[in-house]
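All heavy atoms count here, side chains included; hydrogens, waters and symmetry mates do not.
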Amino acid sequence: MSEKLKDIRERSQKRKKLLAQTLGVGSVSELRHALGASLDVPAKKQAISDTNNDGNEKVTSAKDQIDGLVYTDSSTFLKGTQSSNPHNDYCQHFVDTGQRPQNFIRDVGLADRFEEYPKLRELIKLKDDLIAETATPPMYLKCDLKTFDLKQLGSKFDVILVEPPLGAGWRWPELLALDLQQLAQARSFIFLWCGSSEGLDMGRECLKKWGFRRCEDICWIKTNIKNPGHSKNLEHNAVFQRTKEHCLMGIKGTVRRSVDGNFIHANVDIDLIISEDPEFGSTEKPIEIFHIMEHFCLGRRRIHLFGRDSTIRPGWVTIGPELTNSNFKAEAYAAQFNEGRETTGCTERIEALRPKSPPNTSKGTRPRPRPAYRGRPRPPRTNI
């Protein structure tokens, strides 16, 4: 219990430091003054704290002072504003400080996301351990994807991650021309980073051309806690400041989440990633996307297109022009599956902990279709 209390206090102190930085005060101790707080004790408590039964003065405890803490107004939160509209003041605060609203969402990291949900935390740990145990050795291949024949890989994959360097030598028509259908198993999934705006439309065109149906959209919300201020990644054709990116998920073949539990585990992760915006010019994507794919699809064949040295990962084949070396051998990779173990498998404990799809209660009770309307038969025509 003491360890949990200590951890709560440490997290509270970190939030106070972030709030102090946001409000521009020198230290956490100055927050009370910056927030316009006073130790005005309500009249009822004041009468109790002034004297005790003996008529002697009673010392007010720190707890009583905290209970009596009163915030007189919200002006210190809204520095630089002169509006009487609270909503405008709230928005103006973020404009003045350069902080994005998503900076203040709590417990978004992988480490403490399930802190208050022990069963989910246990589930994630068990799945991570199983994935690490069954992962193939990391393999990587430096190649130019504009000219490389994907058939040379000699394998088809369960999960395909595409991270195109759009604007850095690649355009959507060139990406659309890739024969990624050569890489996909009969039932497989693809994840395509497509940015936003027109990328959402072009990404759907790519999925359709490669033989996938779009089934989900993972959204990456970018915070700027470490570097508050206006974004340097402003796009010339954007109406708003874009602080998010999308990763489209496509499915090939027939996969039913209620009956294909040997291949997919649905509902484990969410379709939202909240992490820090990388430095200006960086193309790095959040590592959490790998966790989402590995938790969801139990297939062991995974490939990452347009990968870099920083994205080489056990259980994955990484290919792309930015890699500095190669170790991929088609025969050695195919030999990893000779024993017939196509998936990571599952344990009884994981099966008991993972969220299940709701049962189809309408099955077998579907009402019978109403017969087509047939009008009153006409009397036979007679000749008069």
For this session: Using a 4.5 Å cut-off on heavy atoms from C-beta on, say whether the side chain of Q336 contacts that of R301.
Result: no
Problem set entry | N103 side chain vs N224 backbone, donor-acceptor pair below 3.5 Å | yes
Exercise. Roughly how far, to the nearest 0.5 Å, is the CD1 atom of I124 from the CG atom of L120?
Worked result: 7.0 Å
Exercise. Listed by chain and number, what are the ring-ring contact (aromatic ring centres under 6.0 Å, His included) partners of H304, not counting sequence neighbours?
Worked result: F290
For this session: Identify the two heavy atoms, one from A135 and one from P314, that lie closest to each other, and give their separation to 0.1 Å.
Result: CB-C, 4.0 Å
For this session: May I ask you to check whether S310 and E284 show a side-chain donor-acceptor distance below 3.5 Å?
Result: yes
Exercise. Where is the tightest heavy-atom contact between P355 and N267, given as atom of each residue plus distance?
Worked result: CG-O, 3.5 Å
Seminar exercise, completed: With sequence neighbours left out, the residues meeting ring-ring contact (aromatic ring centres under 6.0 Å, His included) with Y117 are none
Seminar exercise, completed: One should read off an interatomic distance between I274 CD1 and I105 CD1, to the nearest 0.5 angstrom, of 3.5 Å
Atom pairs and distances, donor-acceptor, side-chain atoms in residues 180-191, under 3.5 Å, two or more places apart:
from, atom 1, to, atom 2, distance (Å)
Q185, NE2, K156, O, 3.4
S188, OG, Q185, O, 3.1

Exercise. Which hydrophobic side chains are connected to I312, either touching it within the sub-4.5 Å cutoff or through other members that do?
Worked result: Y140, L323
Problem set entry | Heavy-atom closest pair, residues L150 and D179 | CD1-O, 3.6 Å
Exercise. Do any pairs count as a side chain to side chain donor-acceptor pair (under 3.5 Å) and have a residue in residues 320-335, sequence neighbours left out, and if so which ones?
Worked result: D309-T324
Problem set entry | Distance, nearest 0.5 Å, that separates CD1 of I225 from CD of Q99 | 7.0 Å
Exercise. Have E276 and T223 got a donor and an acceptor in their side chains that come within less than 3.5 Å?
Worked result: yes
Exercise. What is the distance from atom CD of E288 to atom CD1 of I273, rounded to the nearest 0.5 Å?
Worked result: 4.5 Å
Exercise. Any donor and acceptor pair, going by atom type alone, linking the side chain of R341 with main-chain N or O of T344 inside 3.5 Å?
Worked result: yes
Exercise. Between W220 and K222, is there a cation-pi geometry (under 6.0 Å to ring centre, at most 45° from the normal)?
Worked result: yes
Exercise. Looking at CE of M249 and CZ of R213, how far apart are the two atoms once the value is rounded to the nearest 0.5 Å?
Worked result: 10.5 Å
Problem set entry | K146 NZ: over 12 foreign heavy atoms closer than 6.0 Å | yes
Exercise. Between E116 and R121, is there a salt bridge with N-O shorter than 4.0 Å?
Worked result: no
Seminar exercise, completed: What one should report as the nearest heavy-atom pair of D158 and E342 is OD2-O, 4.2 Å
Problem set entry | I319 side chain near I303 side chain, heavy-atom distance below 4.5 Å | yes
Seminar exercise, completed: Taking every heavy atom of F157 against every heavy atom of L153, the minimum-distance pair comes out as CE1-CD1, 4.3 Å
Identify all side-chain donor-acceptor contacts of residues 167-174 below 3.5 Å with residues at least two apart in sequence or on another chain.
from, atom 1, to, atom 2, distance (Å)
E174, OE1, R171, N, 3.0

For this session: Report yes if the side chains of I289 and W193 come closer than 4.5 Å at any heavy-atom pair, otherwise no.
Result: yes
Problem set entry | Validation row: F328, V317 side chains within 4.5 angstrom (heavy atoms) | yes
Problem set entry | Rounded distance (nearest 0.5 Å) linking atom OG of S197 with atom NE2 of H246 | 9.5 Å
Problem set entry | Heavy-atom closest contact (L192 atom, C206 atom, distance) | CD2-CB, 4.1 Å
For this session: Test E294 against every option in R313, R300, K127 by the side chain to side chain donor-acceptor pair (under 3.5 Å) rule and name the one that passes.
Result: R313
Exercise. Between K356 and E351, is there a donor-acceptor pair closer than 3.5 Å when you use the side chain of the first and the backbone of the second?
Worked result: yes
